[in-house]
Number of protein chains: 2
Amino acid sequence: MIKISKSVEYSILALKYIADNENFASLSSRKISDDLNIPYDLLSKLLQKLVRKGIVQSQQGKYGGYNLLVDSNKLSLLNIIDALDENIQLANCTFDGANNEDCARINNCYIRSPFLNLQNKINKMFNEITLNELTN
Amino acid sequence: MIKISKSVEYSILALKYIADNENFASLSSRKISDDLNIPYDLLSKLLQKLVRKGIVQSQQGKYGGYNLLVDSNKLSLLNIIDALDENIQLANCTFDGANNEDCARINNCYIRSPFLNLQNKINKMFNEITLNELTN
DNA sequence: TTTATATGCGATAAAATTAGTCGTATATAA
DNA sequence: TTATATACGACTAATTTTATCGCATATAAA
């Protein structure tokens, strides 16, 4: 429990690798995949999502690849999680507008509100840690 | 991602329910299960684990049930997670003594140490929130 | 001492989530 | 024109989580 998905892990690894090679040619997903030992197809999809969210830029064709569009001191872990359409949700009901379909106990539940508080704290923590701080 | 398992959720619900009824007869797992809408077999096992860890006390036989052994102001979320043999492990490699079987990249990994730091922060946060604070 | 009602617990099954793969289309520099 | 890249939906596999089953043991009350 409380784990970071491989998608997020791979994305952090790749983003850092791209950031560190910004001054050279752009890195292809094939090269990132080979160098970091990340499954190629999976990585490609992650990078495509990051393109759509404006975090990286892609160049198709021969000698194509990816470049970082944002400052790695400003990109937070929460930003990355968001970009991959994931989220921090401690329980089925810990989001605005949850109803009985999400949890049978919701109407007289004594843990939902404290869980929401805790979730907010974790969100805040994840929003305060940047890509640079996530790597050494 | 980043969720609290049903086991932990059910345990918190049950522990609070037991705590609130401490002055009456001890609550049977059947009653807790019925009242809180938690699968009976699952809840029983969770309570059995909590007995083994000294968090609750059980009384078998007719009119048996469970009683809390610890102060609900001192029992932390981390204590409960521990008692259920779960843990906060952000990645496969974020524990002492992780090796190549846990991650192919471990020897020149630039995210392990920051992940460990983040994990420690979450552990600390979870150790500071008590059963009382987890309920309202 | 019998009975009803509890907990104890290993084994297994079902469900859900996460991770990984495949096929095909499109883009583009050389 | 060709080689090398990204784009992306559909699908499969693996893992983890959640739930169930069957049987054993304990004990208070009738």
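Side-chain atoms are counted along with the backbone in the values below, which use heavy atoms only and exclude waters and symmetry mates. All of these numbers come straight from a predicted model, not from anything done at the bench.
Under 3.5 Å, the side chains of B:Asp41 and B:Ser44 contain no donor-acceptor pair of N or O atoms. For the residue pair B:Asn73/B:Asn132, the side-chain donor-acceptor check at 3.5 Å is satisfied.
Side-chain contact between B:Leu69 and B:Val56 is absent, with no heavy-atom pair separated by less than 4.5 Å.
A salt bridge links B:Asp20 with B:Lys16: the closest approach of a Lys/Arg side-chain nitrogen to an acidic carboxylate oxygen falls below 4.0 angstrom. The existence of a salt bridge linking A:Arg105 and B:Glu9 is confirmed by a sub-4.0 Å separation between a basic side-chain nitrogen and an acidic carboxylate oxygen.
For the pair B:Tyr40 and B:Ser29, the tightest heavy-atom approach, listed with the atom from each and the gap, is CE1-OG, 3.3 Å. In terms of heavy atoms, B:Ser26 sits closest to B:Asn67 at CB-OD1, 2.8 Å.
Among the protein residues, B:Lys3 comes within range of the sugar-phosphate backbone only, with heavy atoms under 4.0 Å from sugar or phosphate atoms but none that close to a base. Nucleic acid contact class of B:Ser28 (heavy atoms, under 4.0 Å, all strands): sugar-phosphate only. Among the heavy atoms of the strands lying under 4.0 Å from A:Ser5 are primed sugar atoms or P, OP1, OP2 only; no base atom is included. A:Tyr40 comes within 4.0 angstrom of a nucleotide base, judged by non-hydrogen atoms across all strands.
Not a single donor-acceptor pair under 3.5 Å links the side chain of A:Asn117 to the backbone N or O of A:Pro114.
Residue order along DNA chain C, read from the 5' end via each residue's closest nucleotide, puts A:Ser7 first among A:Ser7 and A:Gly61. Between A:Gln48 and B:Leu42, the residue whose closest nucleotide on DNA chain D is further toward the 5' end is A:Gln48.
Chain A approaches DNA chain C within less than 4.0 angstrom (heavy atoms of the protein), and the contacting nucleotides run 5' to 3' from C:dA19 to C:dA30. Taking 4.0 Å as the cutoff to heavy atoms of chain A, we find the contact window on DNA chain D bounded by D:dT4 to D:dT17.
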